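Have a look at the structure below before the remarks.
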Protein chains: 2
Amino acid sequence: MKKDILIYGICCGLLILVLRLVEYRFLIIDNKLELYGGAVALIFVVLGIWFGSKLAKKKEVIVVKEIKVKEDVPFILNEENLKSVGMSKREYEILEQVAKGLSNKEIADTLSVSENTIKTHTSRIFEKLNVNRRMQAIQRAKEMGLLP
Amino acid sequence: MKKDILIYGICCGLLILVLRLVEYRFLIIDNKLELYGGAVALIFVVLGIWFGSKLAKKKEVIVVKEIKVKEDVPFILNEENLKSVGMSKREYEILEQVAKGLSNKEIADTLSVSENTIKTHTSRIFEKLNVNRRMQAIQRAKEMGLLP
DNA sequence: TTTATCGTCATACTTTCGGGTGATTTTGCT
DNA sequence: AGCAAAATCACCCGAAAGTATGACGATAAA
């Protein structure tokens, strides 16, 4: 940028010098003032345009480029569906454990209850989700927005 | 753009007109040619710069804008992991069926093989995935990018 | 050609699941 | 206090799933 201004200044200086030399030799003598003015105007217009172009802040054209980013859906539990199937908190809790791939025994241990209890729960869960295997239950639950 | 050129032309015309009026009244009379030339130069430089700025080629700046889109990730199978666990095509095929929540019997029927065969396959799959239940196998597989 | 892998199937046994039934206790609400 | 819903547990049975082992043919690699 500074270099441009320097070049511009030098050009102007040289031009003015040339003009001063020229003006006394031809134009004044011929008294063609208009021609002289026109020449000056032309030259400086060209110079100005050139300089203006250089000076011009390049206009930014914002090109929005979409980049697909997988959105970590925070997972909002679909309470509506949860109610509509009439699942209790406890049952949902067990459903979560089932979704982890835990066996009834393991769930029973982690929740400190009998395995039979878990079986009762899972049975009811399957009934409410209208499935008959834990695998299907999980898929169904995910479809319904009950599980992430 | 065309409008700019038009405006520019009109400005030039007006300026020249003004200059012609002025030149005979003051400058010529005073014979201050240099001043006149300087004025013309100055005016046209300014005009040129202004015009040059307008003409300036616009520079495109690509601004990358991340947009979070809920997208169905097309799912690209992680071949690396598939090889690293040493799973065969057939085994992977069965794994997919398992992931659908199908029972061994159902898988056997859809693939037209014996249920025992499926059991053998699943056993090997579990072994390779280092799990011992189909539920866990699916989770493991998903973690490893073997399943969507 | 020999070896290794893969896919197929079978048999036997164990564990886990799911379905059904019934019972007792806890909890929340009126 | 009394009722309804939820949670707990048990027992049984059959089905499904998983474990272990062995076998046989096809095919690809060495």
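Quantities reported herein were computed from a predicted structural model and do not represent experimental measurements. Reckoned from all heavy atoms, side chains included, excluding hydrogens, waters and symmetry mates. Per chain, numbering begins at 1; letters A, B, ... match sequence-line order.
In this structure, CD1 of B/Ile118 is placed 16 Å from P of D/dT19, rounded to the nearest angstrom. The distance between atom CD1 of A/Ile107 and atom P of C/dG18, rounded to the nearest whole Å, is 10 Å. What separates NZ of B/Lys89 from P of C/dT5 is a distance of 16 Å, to the nearest Å. Separating the NZ atom of A/Lys105 from the P atom of C/dT16 is a distance of 9 Å, rounded to the nearest angstrom. For the pair B/Glu115 CD and D/dA15 P, the computed distance is 12 Å after rounding to whole Å. To the nearest angstrom, C1' of C/dT15 lies 14 Å from CD of B/Gln136.
A salt bridge links A/Arg140 with A/Glu143: the closest approach of a Lys/Arg side-chain nitrogen to an acidic carboxylate oxygen falls below 4.0 angstrom.
At least one side-chain nitrogen or oxygen of A/Ser114 sits closer than 4.0 Å to the OP1 or OP2 atom of D/dA10. Contact check, B/His121 against C/dG7: no side-chain N or O comes under 4.0 Å of OP1 or OP2.
Taking 4.5 Å as the limit, some side-chain heavy atom of B/Phe126 sits within range of a side-chain heavy atom of B/Val131. Residues B/Arg90 and B/Val113 are in side-chain contact: their nearest non-hydrogen atoms beyond the backbone lie under 4.5 Å apart.
Applying the side-chain contact (heavy atoms from CB on, under 4.5 Å) test between A/Val98 and each of A/His121, A/Met135, A/Arg134 identifies A/Arg134 as the sole match.
Contacts of A/Thr120 with the nucleic acid, taken as non-hydrogen atoms under 4.0 Å apart, include base atoms. Looking at heavy-atom distances under 4.0 Å, A/Thr117 makes contact with a base. Nucleic acid contact class of A/Ser103 (heavy atoms, under 4.0 Å, all strands): sugar-phosphate only. Among the heavy atoms of the strands lying under 4.0 Å from A/Asn104 are primed sugar atoms or P, OP1, OP2 only; no base atom is included.
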- Residues B/Met144, B/Leu129; criterion side chain to side chain contact (heavy atoms under 4.5 Å, CB included); working and verdict: CA-CA 10 Å; B/Met144 299 175 75; B/Leu129 290 180; 4.1 Å; yes
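Side-chain proximity of B/Arg133 to D/dA10, D/dG18, C/dC9: nearest is D/dG18. Proximity note for B/Arg124 (side chain, C-beta onward) versus C/dG18, D/dA10, C/dT8: the nearest is C/dT8. Of the candidates D/dA17, D/dC11, C/dT11, the closest approach to any side-chain atom of A/Asn116 belongs to D/dC11. Which of C/dT8, D/dC11, D/dA17 sits closest to the side chain of B/Lys119 comes down to D/dA17. Of the candidate nucleotides C/dC9, D/dA7, D/dT19, D/dT19 has the atom nearest to the side chain of B/Phe126.
Comparing A/Ser88 and B/Asn132, the nucleotide of DNA chain D nearest to each residue sits closer to the 5' end for A/Ser88. Residues B/Ser112 and B/Gly86 both approach DNA chain C. Their nearest nucleotides, taken by heavy-atom distance, put B/Gly86 toward the 5′ side.
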